Each structure stands twice: as structure tokens, then as C-alpha cells.
There are 2 protein chains.
Amino acid sequence: MARTCSDCGVRDSALCGTLSDEELVGLAKLGVQRRLVRGDVLVRAGDPPLACANVQAGVMKIASVTAAGDEAIVGLLYSGDFIGGPFAAPAEHDVTALTDVELCMFPRAAFEASLADHQRMERLLLERTMIELARARRWLVRIGRASARARVAGFLGDMGRRLAVVNDCRRDAAAVPAASFELPLSRSEIGDLLGLTIETVSRQLTLLRAAGVIDLPGGRMIVVRDAAALAAAADETV
Amino acid sequence: MARTCSDCGVRDSALCGTLSDEELVGLAKLGVQRRLVRGDVLVRAGDPPLACANVQAGVMKIASVTAAGDEAIVGLLYSGDFIGGPFAAPAEHDVTALTDVELCMFPRAAFEASLADHQRMERLLLERTMIELARARRWLVRIGRASARARVAGFLGDMGRRLAVVNDCRRDAAAVPAASFELPLSRSEIGDLLGLTIETVSRQLTLLRAAGVIDLPGGRMIVVRDAAALAAAADETV
DNA sequence: CGCTATCTTGACTTTATTCAAGGCTTGTGG
DNA sequence: CCACAAGCCTTGAATAAAGTCAAGATAGCG
């Protein structure tokens, strides 16, 4: 049922869903496999654009350094997500592995030729980009208006949902967040993502634990004890 | 030199740049002209997706209502920008006219057929979506990490740049912001856009005036007296 | 001319940051 | 195996920033 592209790991519902078998084979030939370990930088701001790459496993961060010298994370990439694209101008952000990552990289020339040949692939890329835009806008609302507690709670909810379906390409679709998971980010990185300091992140996690909403068994593990309360906390204004 | 699509107003460098004359004619036939006045709502969150529309003149806001009941503006649309697209799920945001607006609307069926026929049009839409994504991410950095003063200063700079080239489709390209312009947003809307209260926006504008950076001759007019200082203020952390 | 909207300003409160110290892990070398 | 160091995380107290509440000022508009 769910076909998987054996060479590049792209799953049926992600990229392959709207491509025929022969197109799949063509795409697979284009892809070059690559592995990263946590901390590896795939793209650095200002780099000439890489054509396109697909995250098959792991989590990456999209970040830039602000004028003040600290890092602002503007997005996360999970398995199935794309980096770059046909027209990307020189990169505006660093793209760095948060966990060990597996990638399928498409060289520019071959990728562009493939887009020209297979209109459905371009259509798919457009769809993905629009999804990414929608995510960025949802994030914007959270960052712009929510309290520290709501940001942290919302982040935990999102991460739980994403990690629960990390091997399922229909992302954003899981109804119930994973009961427990390990954060791929340090407190400092969570702060950079949420626009908060490391101390505030830590305090809010402690408060959520005190309220019985989550448990922090140690390390970067998160146990969601009360998903409804977590969701409610994410919607609070104050 | 710069061709303009007479029926829908789309300019050479915006949409028409990569389309042939015959494609242009086809696109023009698809478009239906429409006018809005300030406050008109084109799309309401939850609406079935409209196929696609192109803003020809004026400014619109993309906004949603938060759980707390106040409005969060996640983006602005200037002339040349697109609303909707081939796969848009039911709308997540309201799209409302901030000024009087002229639109070129493409009905779904015809628009999709046109995309299928003209691959370059789809390419262009992808490009636009990626630009929009980049804008959203830049915004994210500003909202997430910047002080109230930096947000307001950055907003004024952006708006000046956009309004300076409002009739030039190569947006984001102007080197020098307009020396003076009229804000298409109320203080309250600026607050919703920047994630600040109306009082804080007002205070920061007053402070920028006191510092000789801008002038506020009345109404919603903004005069930029010291563009360099404005840009510097936008980069401040504190 | 007065009404209503919007905008500005002031005093006070809440929130998150900053600065500072201490605790918990993890990994390394004795 | 233990001691120690380094990094990451937590907690507390003081500070700064933006929000809230409240009162006036200004500007449009009938």
C-alpha cells in the first residue's frame, strides 16, 4: 500500500504519492544519500543555494544569527521536509542537524531537469512550500502574542505530535501527541526557537511539572501526563 | 520595456516576466476584476479556498483571531502579491483590505487548467510562495527577539520600502525608503502585527519622534527624517 | 458644533530578563 | 572505581520591559 522509494526513502504519502512508478525511479536516480550527526551544518547563511534536499530521518533547525549575536530559530525540519528549492536565493539561514540525520540530496542541474519533466513534482514542491508557510504563520501567532507558558506548552504539544508521526509522512495529522518523547533541542535552543531565555524555558517546564501537566524524568525526556491541560495551556494568553 | 497585462494589471517583472505573450493573453482572459474598500473582507477563516487572486493595488492584511479574542496579523499583501493557490486547504486566516484594493481573481477551474497548461505559471507561483515564506521567517525573527522599539522601527522601514515601490513589482528591492508615506494601518493594527499593545506602539512612535528619527505630522503620516537611525533602531536588541 | 474614533500620556502592575549561585550529568584520567 | 571538570539545567533575587488601567487630547464626521 504505502510505497517507499528504496533509494531515497521518500514515502508514498510524502513525495511519491502523486508520482508514478517510473517517475519514482527517475527521482531515486537523482538522489544522493548523505548522513549528518548532531551539530553538522548543512547550509550556512550566505552559501550559494543548494538545489534541494529531503530529510528522511532526524530533525534539523533553520536558524539565523541576530544583530545582537544570539541565535533565532525560525523553523524545524522533520522527516519528509524539503530544504532549498529551484529558485532559492543565497541562503538566509543556517540549517543544522539537531539529531543524527539522513538526507537525500538532489544536485541542482538534475533536479531542475526533473522538475521540468515531471510537473507533478513541481506541484508537490509548491504544496510543501505552502504548508511550510502556513506553519511559519502559526508560529508567528504563537511567538507574537502568547505568554511564556503558552509558548512552551504549545512547543511541547507540537513536538509530541511531530515525533509521534516521525515515520509517517502525513505530518501534522496525528490526533494524539506521543505520551513521552525526547526533545531534540537543548533548553538554550528551545529559548532561541520560542524567543525566550533559557531560564524562562526552564522555569515554565518546572511549573508545568508542578501543575501535573508533564513529567521531566531527566535528560531531555518529556512525559505528557495531561494532554488536554497541555493543549489548554498552549491557548492561554496570560 | 516593462509589459503590463492590460486586463489584470500584472506587470512584467511580477507575474508576466516569465510568461510569453500568448500565455499572458490566456491569463488575462481568466481574470475577473474586483474592487474592495477599506475594511472589506475577501476571505474569512474557514471559508472554502478561493482559487487564486492577485493584488493589483492597495494593501491587505492576513490575520486570525487568537484564543484570547484579539487579532494577530501574520502578513501583509501589497500589489503583485498572490492570495490562495491551487491546493489551499480551507483558509486559516481572514484576508481584509486595509486600503481600497484592486484585485484580479482567477476562478478555480480555469486557474487550475491554466496551471496545467503553463508550467511557467506554476513555477512562478512556487517562487512567490517561497518569497512569502522567507518574509514570514524574517518577521518571525523580528517578533520573537526584538524590543518594542526595534519592532516599530523595523516595521516603519519595511513599510517605507514597500510603499516606495508600490507600483514597481520588484518589491523588497528599493535601496532608499520613501521619505514620507501614509500608514495603511491604525495603531491598533500595528500592535496586532507586531505583537504589541496599542499604547506601546504609540509610545515608541513618540520616542522615535523625540529622538529626531521620524516626524508625525498628523493622521497616519510618517516622515522619515533619519533613515540610517531608523535602520539602526530596527537592529537594536534593547 | 458636538459626537465618536483614535491616539497619546501617565501611574502602576505584571511579566520576563538579567545576574548570580548552586546542582545534576556525563565523560575523562588517575 | 572514584574524583574532577565541563556543560547543561534549575533556582533565587533584583531589574527592566511591556502590559494594564485610566484619563485626556486630537481628529474626523454627521
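Every chain is numbered from 1 and lettered A, B, ... according to where its sequence line falls, protein lines coming before strand lines. Computed from a predicted structure; not experimentally measured.
Applying the 6.0 Å contact sphere to CZ of B:Arg44 captures no more than 12 heavy atoms from other residues, nucleotides or ligands. For B:Arg35, the CZ atom counts as loosely surrounded, since its 6.0 Å shell holds 12 or fewer non-hydrogen atoms of other residues, nucleotides or ligands.
When all heavy atoms are compared, the tightest approach of B:Ile143 to A:Gly144 is CG2-CA, 3.3 Å. Minimum heavy-atom separation, A:Met159 to A:Leu185: CE-CD1, 3.7 Å.
Listed by first and then second residue, the salt bridge (charged side-chain N to carboxylate O under 4.0 Å, His left out) pairs that reach into residues 90-99 of chain A are A:Glu92-B:Arg138, sequence neighbours excluded. Within the structure, salt bridge (charged side-chain N to carboxylate O under 4.0 Å, His left out) pairs that include any residue of residues 196-219 of chain B comprise B:Asp215-B:Arg225 (at least two apart or interchain).
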Under 3.5 Å, which protein N or O atoms sit close to an N or O of nucleotides 11-14 of chain D? Give each pair with its distance.
unit_1	atom_1	unit_2	atom_2	d
D:dT11	OP2	A:Thr206	OG1	2.7
D:dG12	N7	A:Arg203	NH1	3.0
D:dG12	O6	A:Arg203	NH2	3.4

So which protein N/O to nucleotides 24-29 of chain D N/O distances come out below 3.5 Å?
none

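The shortest side-chain heavy-atom distance between B:Leu216 and B:Ile222 falls under the 4.5 Å cut-off.
Under the 6.0 Å distance and 45° angle rule, A:Arg162 counts as a cation-pi partner of A:Tyr78.
One end of the helix from C:dT6-D:dA25 to C:dG30-D:dC1 points its axis 30° away from the other end's axis, with each axis taken from 5 pairs and the angle rounded to 10°.
With rounding to whole Å, A:Ile143 atom CD1 is found 16 Å from D:dA18 atom P. Atom pair B:Arg149:CZ and D:dA17:P shows a separation of 12 Å (rounding to whole Å applied). Taking atom CE of B:Met221 as the reference point, atom C1' of C:dC7 lies 17 Å away to the nearest angstrom. The CZ atom of A:Arg38 sits 14 Å away from the P atom of C:dT26 (whole-angstrom rounding). Atom-to-atom, CZ of B:Arg145 to C1' of C:dT17 comes out at 12 Å; the value is rounded to the nearest Å. For the pair B:Arg187 CZ and D:dG19 C1', the interatomic distance rounds to 18 Å; values are reported in whole Å. Regarding B:Gln204, its CD atom lies at a distance of 13 Å from the C1' atom of D:dG19, rounded to whole Å. If you take CD of A:Glu189 and C1' of D:dC8, they are 12 Å apart, rounded to a whole angstrom.
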Determine, stepwise, if the pair B:Asp81 / B:Arg135 fulfils salt bridge (charged side-chain N to carboxylate O under 4.0 Å, His left out). CA-CA 12 Å; B:Asp81 290 338; B:Arg135 286 211 298 222; 3.1 Å; yes

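Separation of atoms CG (B:Asp40) and CG (B:Leu98) is listed at 11.5 Å; rounding is to 0.5 Å. Atoms CZ and CD, from B:Arg151 and B:Gln204 in turn, are 10.0 Å apart once rounded to the nearest 0.5 Å.
For C:dA5, the O4'-C1' to base torsion is within 90° of 0; the nucleotide is therefore syn.
Contact annotation for A:Gly191: no contact, since no heavy-atom pair falls under 4.0 Å across all strands. The residue B:Leu196 sits close only to the backbone: its heavy atoms come under 4.0 Å of sugar-phosphate atoms, none of a base.
Residues satisfying the salt bridge (Lys or Arg N to Asp or Glu O under 4.0 Å) test with B:Arg220, not counting sequence neighbours, are none.
Of the side-chain N and O atoms in A:Thr197, one or more sit less than 4.0 angstrom from OP1 or OP2 of C:dT17.
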